[in-house]
Amino acid sequence: MRMPLFDCYVMVDWSGGDRRRAGKQDCIWIAHGSATADAPITVSPASRTEAEHIIRSQLQPIVAAKNGRVLLCADFGYGYPARFASLLSKSVSGELPPWRIVWQYMSKHLQDDLGTKPGQQPTNRSNRFEVASAINAAVSGPASPGPFWCLFKAGNYASVPQKRPLQPFVCTSGSVAPLRITDRRAKSDTPFRLFGTGSVGSQVLTGIPRLDSIRFDPRFARCSAVWPFETAWASPAGTWLDPEVRILHAEIYPSVRAPLTDTIKDRGQVRAMWHWARDLDGKNSLINEFAIPPGIASGSQEDTVIRSEEGWILGCSD
């Protein structure tokens, strides 16, 4: 009899905001708990740094025990549309797959908790707009601004247009679409819009460096993998994950699931995602969500782009 894939589930609703904020809508929410729990524990840390500490605290016992496996999911893009990584490749050394180029670039340039003084709480202020502006300045021109657009305050950065630029973004190295394949299927927003209702650009810029820090932490690196970049697609028959993998990272988009009734929508969404994963896994059906998406042919150009650069949203199969 096949056992569930995971012993613990951690679902994260991220925020790219610039101030400490907790316990409300539009801030960070985390739902975590073991497969045997009736319901997850939900917490709302006031900063990304405090969120990372909570996440690590859920990973460390399983890694230390060398037993069990945790599914760690966050609700921002783990990759960008195809060919975006080529815009950054000159800034990253070594031969790396496109998704790793993006992760390394963001980790190198994104700074968080600006202005935090010793002994004080993290400010949660980042330089995400500066990072986006620097990328735009390096790859765009007056005739083709972008790819990042829309700021909190128009005009703060000359290289970042406030209104949506012409799409796809075109530069000397080619064109970059506004959406990934999985974004189009999930009807999620472009990772290049940095501000505004429904925007996800700031979450991606501030979230990827945190993922990189956790995934490649020496304590976790040998027993972690990012789906589908490092795992290939699951096969319902036979063994899929390496038995040494203790932490599996996967992207989510809670809006593809109906939220549980809650006075705070974001909290209801991470609770719903936790129950969805736990319940499917208990039926030995969660593995199907890690299989190649319907409509994507194995070995096709789309398949290669998804597994090497764009990534995929877990549960976005329809």
Side-chain angles (χ1 to χ4, degrees), residues 3-15 22-23 27-76 78 103 107 112-113 121-122 124 203 206-227 230-231 241-254 257 260 262 264 266-282 286-287 289-290 313-315:
M3 300 294 291
L5 286 172
F6 303 100
D7 302 274
C8 180
Y9 312 88
V10 180
M11 301 292 165
V12 183
D13 188 308
W14 198 247
S15 171
C27 58
I28 298 173
W29 281 96
I30 302 172
H32 64 85
S34 72
T36 58
D38 292 331
I41 297 169
T42 56
V43 290
S44 179
S47 72
R48 288 177 288 275
T49 293
E50 289 158 280
E52 183 178 341
H53 290 164
I54 292 170
I55 292 167
R56 286 174 175 272
S57 72
Q58 300 306 305
L59 307 179
Q60 288 167 351
I62 286 179
V63 172
K66 297 182 179 180
N67 185 40
R69 183 183 291 139
V70 57
L71 175 63
L72 170 57
C73 302
D75 73 332
F76 53 80
Y78 287 15
W103 282 36
S107 296
D112 220 336
D113 297 328
Q121 294 176 319
N124 209 42
Q203 288 95 310
T206 58
I208 283 179
R210 301 289 179 165
L211 283 181
D212 188 74
S213 174
I214 294 171
R215 164 62 185 89
F216 295 100
D217 183 314
R219 292 170 293 180
F220 303 147
R222 292 187 177 183
C223 60
S224 299
V226 183
W227 176 82
E230 300 179 292
T231 64
L241 284 176
D242 186 318
E244 297 301 314
V245 170
R246 302 291 173 210
I247 304 166
L248 183 66
H249 296 262
E251 176 186 343
I252 56 171
Y253 182 54
R257 308 257 81 80
L260 294 179
D262 200 304
I264 300 173
D266 290 342
R267 181 172 61 190
Q269 286 183 321
V270 291
R271 289 172 51 229
M273 289 303 305
W274 185 91
H275 280 283
W276 171 79
R278 193 280 307 269
D279 293 349
L280 278 185
D281 206 12
L286 186 59
I287 191 171
E289 302 297 330
F290 294 99
I313 295 169
L314 184 65

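It should be emphasised that the depicted structure is a prediction, and the values quoted were computed from it without experimental measurement.
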Could you please spell out the steps behind the side chain to side chain contact (heavy atoms under 4.5 Å, CB included) verdict for E244 and R222? CA-CA 8 Å; E244 297 301 314; R222 292 187 177 183; over 6 Å; no

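- Remark: C27 SG to D13 CG distance equals 8.0 Å, nearest 0.5 Å.
- Nearest heavy-atom pair across L314 and A250 is CD2-CB, 4.2 Å.
- Rounding to the nearest 0.5 angstrom, the gap separating the CD1 atom in I247 from the OG atom in S224 is 3.5 Å.
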Given F220 and Q60, is the side chain to side chain contact (heavy atoms under 4.5 Å, CB included) satisfied, shown in steps? CA-CA 8 Å; F220 303 147; Q60 288 167 351; 3.7 Å; yes

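- Counting only heavy atoms from C-beta outward, the side chains of L260 and H275 approach each other to under 4.5 Å.
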Assess whether side chain to side chain donor-acceptor pair (under 3.5 Å) is satisfied between T42 and W274, documenting all intermediate values. CA-CA 10 Å; T42 56; W274 185 91; over 6 Å; no

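- I208 contributes atom CD1, which lies 14.5 Å from atom CZ of R215 (distance to the nearest 0.5 angstrom).
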Verdict with supporting geometry, L71 and L5, side chain to side chain contact (heavy atoms under 4.5 Å, CB included): CA-CA 9 Å; L71 175 63; L5 286 172; over 6 Å; no

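- With salt bridges taken as basic N to acidic carboxylate O contacts below 4.0 Å, one links R56 and E52.
- H32 places none of its side-chain heavy atoms less than 4.5 Å from the side chain of V12.
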L241/F290 under side chain to side chain contact (heavy atoms under 4.5 Å, CB included): CA gap, chis, key distance, verdict: CA-CA 10 Å; L241 284 176; F290 294 99; over 6 Å; no

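- Looking at C223 and R69, their side chains never come closer than 4.5 Å, going by heavy atoms from C-beta outward.
- Atom OG1 of residue T36 and atom CZ of residue R278 lie 8.5 Å apart, to the nearest 0.5 angstrom.
- Rounding to the nearest 0.5 Å places SG of C73 at 5.0 Å from CD1 of I252.
- Between I62 and C8 the shortest side-chain heavy-atom distance falls below 4.5 Å.
- M273 is listed as a side-chain neighbour of R257, based on a closest heavy-atom distance under 4.5 Å.
- Using a 4.5 Å heavy-atom cutoff, the side chains of W103 and Y78 are in contact.
- Side-chain contact, T49 with R210: a donor N or O sits under 3.5 Å from an acceptor N or O.
- In this structure a side-chain-to-backbone donor-acceptor pair under 3.5 Å is missing from R271 to A31.
- Side chain of R48 to main chain of S15: a donor-acceptor pair is present (N/O by atom type, distance under 3.5 Å, no hydrogens or angles).
- Classified by interplanar angle (parallel below 30°, tilted 30° to 60°, perpendicular above 60°), the ring pair Y9/F6 is perpendicular.
- Under the 4.5 Å side-chain criterion, counting only non-hydrogen atoms from C-beta, I30 is in contact with P45.
- Nearest approach of E289 to G315, heavy atoms of both residues: OE1-CA, 3.4 Å.
- Here the side chain of R267 pairs no donor or acceptor atom with the backbone of S44 at under 3.5 angstrom.
- Contact check for H249 versus L211: side-chain heavy atoms found under the 4.5 Å cut-off.
- In this structure, A225 and T231 approach most closely via the heavy-atom pair CB-CG2, 3.8 Å.
- A donor-acceptor pair under 3.5 Å is formed between the side chain of D75 and the backbone N or O of W14.
- Taking CD1 of I55 as the reference point, atom CD1 of I28 lies at 8.0 Å (rounded to 0.5 Å).
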